[in-house]
Amino acid sequence: MRLSEVAALVAGQLEHGNAEAHIDTVNTLLLATSTQLAFLANTTYQQDALTSQAGVIIIGLAVMPELSRPVIRVQDPYLAYAQIQSHLQPQPKSQGLRAKSAIIHPEAELADDVDIADGVIIEAGVYIGEGSRIGAGCIIEKNAHLSSQCFLHPKVVICADSHLGKRVLIQAGAVIGSDGFGFAWSGQAFIKIPQVGRVVIEDDVEIGANTCIDRAALGETRIGYGVKIDNLVQIAHNVEIGAHSAIAGQAGFAGSSKIGKGCQFGGQSAVAGHLEISDGCSFAGKSGIMSNVDKAGQYSGYPAIPLRTWLRSSAIFSRLPKLWSTLISKKTS
Amino acid sequence: MRLSEVAALVAGQLEHGNAEAHIDTVNTLLLATSTQLAFLANTTYQQDALTSQAGVIIIGLAVMPELSRPVIRVQDPYLAYAQIQSHLQPQPKSQGLRAKSAIIHPEAELADDVDIADGVIIEAGVYIGEGSRIGAGCIIEKNAHLSSQCFLHPKVVICADSHLGKRVLIQAGAVIGSDGFGFAWSGQAFIKIPQVGRVVIEDDVEIGANTCIDRAALGETRIGYGVKIDNLVQIAHNVEIGAHSAIAGQAGFAGSSKIGKGCQFGGQSAVAGHLEISDGCSFAGKSGIMSNVDKAGQYSGYPAIPLRTWLRSSAIFSRLPKLWSTLISKKTS
Amino acid sequence: MRLSEVAALVAGQLEHGNAEAHIDTVNTLLLATSTQLAFLANTTYQQDALTSQAGVIIIGLAVMPELSRPVIRVQDPYLAYAQIQSHLQPQPKSQGLRAKSAIIHPEAELADDVDIADGVIIEAGVYIGEGSRIGAGCIIEKNAHLSSQCFLHPKVVICADSHLGKRVLIQAGAVIGSDGFGFAWSGQAFIKIPQVGRVVIEDDVEIGANTCIDRAALGETRIGYGVKIDNLVQIAHNVEIGAHSAIAGQAGFAGSSKIGKGCQFGGQSAVAGHLEISDGCSFAGKSGIMSNVDKAGQYSGYPAIPLRTWLRSSAIFSRLPKLWSTLISKKTS
């Protein structure tokens, strides 16, 4: 790829570089060689930009203006990196490969070009749309529906009746459609409530490794359009996640909570049950949301409070011993 | 099912309804139609009871007494819902199906009516009792013992020597009997301590998707009668969980802790190692229990303190900046 | 094993015992019989040492000096227990067993003595070194490299290009090399950043059940020599964990953080992205590390602060209501 092509792809401006020079792959500032492209998106790594051997560096419009080496200046270097990397490393296309060891029920319906890897088990009533690829050892239970161009990594379990939209990408070991955690206490024991709802995953969702999404007790658990979910996340029955939300590793959502669009959840954050979270809320890692949030903004802490307040209160937390002793000494003086 | 039968099943009282009318399934207040039953157990959803199209609504004895539509009044609507749903959606019975692709060691012993799905691997010395169903891709290692009517969803791993009681239900991807996390520092490196104990799971336990329960270093890790465990929970070696306790998603228990009967753990709560927790303790989500708890009650926070104190202290936490500035201003005035 | 041999193995001193007496296995103080060895490493269990039926007890040099029963006194009883147990329960050796149901690509290269259990799938370009054992249902993707004497428990997934050193031990269900969580916001949607790096796991690492280690976006995610990782841990792309660190269950590491050598992380602790943690840091359970830590020591809390401060501040946290009311009453008086 010539530098002029790279610049065009990301609507960037080449500085100090030869438009005809080539790069073939992307690498980090530290590891990149003269035929590789690197990027600077996090100011933490500015020093590396000075010593990098990269053929060209993608960099922000106003960042390190004095840099007199080949750079392509763009509004958002991280986005440009994503665009270039997607261009250089396109997802492989399905080819209609069917491993002999796969067990496909005769009453399942698969588009002709679907790839099925070794050890896959597909039950009756399953539908898998064109361009989909099912990784080794995946299990797809009865009546599950996968729309076109889904890609399951190895050992994913799609439980009965689950519905996946287009281009859903699931990392290894995730479980979609396990029973929700529903029991009623009879006075002597817990009685299991049969979980008869399903999971619906809309288009362009990605789900991380070993993440669990429970089927609804009744109705649907729904993951909205374009949502991205990291590893080891727990999503309980009847939760709804609004479109374009992003959920980091080990976050958890208790039953029936409704999350707005464009929300972000840090690692190990959690939402209690039966809550409503407004569009555009962002929660720091380890936040614990215990009540409805009706205003977009940044939050942190447990219980979650506005981020700015939490930062100030947390700073004082470590000074509590001093505060305490000051107060006590004043009382006794 | 006639409304008179429903009312009899849950010892409830039909009001404003035709005892001969039928319902066939259960649904939410919002989605239920005239041949479906809905329930109101959480006051958050009272408004939905007014507009619901449900044929009948299960409702508390004193809730919305003015409601002039078909209702069945009961002491505990959530319990009634569980009872009705269990009646309408009974667990399927095993039929002695044996998938050809399953690999069953000749020295394993299976009751005649056990169902074995595709891709299952059962090693030597395993016993599986009558009425059990083993889901696709499960692996049951040497000398594991499953009592009658166990039900494993797909891809569960039961490691060697694990003992499961009757009616144990395990969701997809759970791992029972992995090695405990035990190492001793030699001065140069960690030395692994062979984990030679086992896991014992008593009758009527349910275990969530991708949950891990480690085998004991020595002796047993024991999950008591009727315990319910949600997804992605970590239970370390030699932990004991008392009967009828309930553990929500992503909770964790460090080694050798002994949990009493009837305890409840919120999502992402955690118990440090070598502790004893009394019967009847309830811990809010994200609690961190760092010392023995010898008194039943509600707790929260990290370190966990009585819930009421925690709620009051948390409310003040967000006012710490004000507290601080007030104190400082008084000092300097 | 004679008591004299046991004492020699752990460089301990036999007291009140017959050097010719035998023990055959190890058990807990409470369960051990006269032909079993027990150990006392945690003072919580001193009372059990008085009533134990064990043939001999491994005990600290200065602990319960009045104990007039067979004991072997050592510097570190827990280490001695590890050494004895490792001696009595050595890891089984591989024997070159190849299950018929395993699917091994002709372009994979396996040492002759490697054991491959049922249901294993090994793709093209994989290398597995001598003495390794691959448990039932494991999937090893293209070009993964396993050095000698690796041991994978059932259902582990090793994704493409991952590199494992010698004696790497992985518990059931772990996923090594899943895609990192990398997306750039285009203004309309998240664009996936292809994750083209790999995971490198150095020698003598152990990884817990259902733990996830993501491949690097670019370059490497690296787990250092001798690191021990518990169950359900999340390690994001480009993280580096220094040699001999230990990570307890459900801990999480966000992208690109660099952890020093000999660090310890309690259960459910977490490290934010792009941080550097110095050698020799120890973090209590549930810690949340939000900034670089450049000094060895013990830390706790969220944000993490020195453990001693955290303990004092936490003690005051529960007294905040009293502090508040005292202050308010002084203001109004």
Side-chain angles (χ1 to χ4, degrees), chain B residues 103 119 121 123 137 139 141 155 157 159 173-175 178-179 181-187 189-194 196 210-212 214 217-219 232-234 236 238 250 252 254 256 268 270 272 274 286 288 290 301-303 305-306 309-310 312-313 315-317 319-320 323 326-327 330, chain C residues 25-28 30-32 42 44 76 78-83 85-86 88-91 99 101 117-119 135-137 153-155 169 171-173 204 206 208-210 226 228 230-232 244 246 248-250 266-268 285-286 301-302 314 317-321 323-324 327 330-331:
Chain B
I103 298 170
I121 297 170
E123 297 188 354
I139 295 176
E141 290 194 318
K155 291 217 175 298
V157 178
C159 295
V175 175
S178 36
D179 277 358
F181 193 64
F183 305 91
W185 181 250
S186 75
F190 287 112
I191 296 186
K192 179 178 176 69
I193 297 168
V196 303
N210 283 348
T211 279
C212 299
D214 280 348
L218 297 166
L232 293 166
V233 169
Q234 153 69 351
N238 292 84
Q250 299 175 320
S256 298
Q268 298 186 352
H274 297 277
K286 285 187 175 286
M290 292 176 67
Y302 175 56
I305 54 178
T309 309
W310 181 79
R312 291 167 64 204
S313 290
I316 293 168
F317 178 79
R319 288 179 259 162
L320 282 180
L323 189 69
T326 306
L327 191 72
K330 290 178 75 163
Chain C
T25 48
V26 178
N27 212 333
T28 61
L30 284 176
L31 298 176
N42 185 324
T44 311
D76 180 346
Y78 196 63
L79 174 59
Y81 157 52
Q83 291 166 327
Q85 193 65 292
S86 295
L88 292 171
Q89 309 271 356
Q91 285 248 15
S101 63
D118 279 306
H153 282 267
K155 290 216 176 299
L169 197 169
Q171 302 294 328
D204 291 302
E206 178 162 343
N210 282 349
K228 308 299 180 187
D230 199 356
N231 300 343
L232 292 165
H244 299 305
Q250 297 174 320
Q268 297 185 352
K286 285 188 174 285
Y302 175 57
S314 295
F317 178 79
S318 62
R319 289 179 258 162
L320 281 181
L323 189 69
W324 183 264
L327 191 72
K330 290 179 74 164
K331 281 181 69 177

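So that the names make sense, note that chain A is the first sequence line, chain B the second, and so on, each numbered from 1. Both backbone and side-chain heavy atoms feed into the values below; hydrogens, waters and symmetry mates do not.
With sequence neighbours left out, the side chain to side chain donor-acceptor pair (under 3.5 Å) criterion links B:Q268 to B:Q250, B:K286. Not counting sequence neighbours, B:S256 has no partner by the side chain to side chain donor-acceptor pair (under 3.5 Å) test.
When every heavy atom of C:A248 is checked against every heavy atom of B:F181, the shortest pair comes out as CA-CE2, 4.3 Å. Closest approach of B:N210 and C:N210 over heavy atoms only: O-ND2, 3.0 Å. Across every non-hydrogen atom of B:L323 and C:W324, the tightest pair is CD1-CE3, 3.5 Å.
Contact annotation for B:L232: both backbone and side-chain heavy atoms come within less than 4.5 Å of a heavy atom of chain C. Both the backbone and the side chain of C:H244 come within less than 4.5 Å of a heavy atom in chain B. Proximity to chain B involves both the backbone and the side chain of C:L79, based on heavy atoms less than 4.5 angstrom apart. Proximity to chain B is absent for every atom of C:D204, based on heavy atoms less than 4.5 angstrom apart. Heavy-atom distances place the side chain of C:Q171, and not its backbone, under 4.5 Å from chain B. Only the side chain of C:L169 comes within contact range of chain B, judged by heavy atoms closer than 4.5 Å. Both the backbone and the side chain of B:A189 come within contact range of chain C, judged by heavy atoms closer than 4.5 Å. Residue B:A217 touches chain C through both its backbone and its side chain, counting heavy-atom pairs closer than 4.5 Å.
No other option in C:Q91, C:K228, C:Q83, C:Q89 has as many heavy-atom pairs under 4.5 Å with chain B as C:K228. In terms of heavy-atom pairs under 4.5 angstrom with chain C, the leader among B:A254, B:S313, B:G288 is B:S313. Comparing C:G208, C:A246, C:S86 by how many heavy-atom pairs each has under 4.5 Å with chain B, the most go to C:S86. Considering only heavy-atom pairs separated by less than 4.5 Å from chain C, the leading option among B:T211, B:D214, B:I103, B:I139 is B:I139. The candidate from C:A209, C:P321, C:A82 with the greatest count of non-hydrogen atom pairs under 4.5 Å with chain B is C:P321. Heavy-atom pairs under 4.5 Å with chain C were tallied for B:T309, B:D179, B:V157; the largest tally goes to B:D179. Listed options C:T44, C:V26, C:T25, C:L31 were ranked by heavy-atom pairs under 4.5 angstrom with chain B; first place goes to C:V26. Interface check for chain B: of the options C:P154, C:P90, C:G173, C:A99, the most heavy-atom pairs under 4.5 Å are formed by C:P154. Note on B:G119, B:A236, B:G137: by heavy-atom pairs under 4.5 Å with chain C, the leading option is B:G137.
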Legend entry - Stepwise side chain to side chain contact (heavy atoms under 4.5 Å, CB included) check, C:L320 with B:L320: CA-CA 9 Å; C:L320 281 181; B:L320 282 180; 4.0 Å; yes
Legend entry - From CA spacing to verdict: side chain to side chain contact (heavy atoms under 4.5 Å, CB included), C:E206, B:F190: CA-CA 10 Å; C:E206 178 162 343; B:F190 287 112; over 6 Å; no
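Side chains of B:I193 and C:Y78 form a contact here, defined as non-hydrogen atoms less than 4.5 Å apart. You'll find the side chain of C:K155 stays beyond 4.5 Å of the side chain of B:V175, heavy atoms only.
In terms of modelled atom types and a separation under 3.5 Å, the side chain of B:Y302 and the main chain of C:G285 share a donor-acceptor contact. In this structure, the side chain of C:N231 does not engage the main chain of B:Q234 through any donor-acceptor pair within 3.5 Å.
Annotation: B:R312, atom CZ; neighbour count of heavy atoms from other residues, nucleotides and ligands within 6.0 Å does not exceed 12.
The distance from atom NE2 of C:H153 to atom SG of B:C159, rounded to the nearest 0.5 Å, is 7.0 Å.
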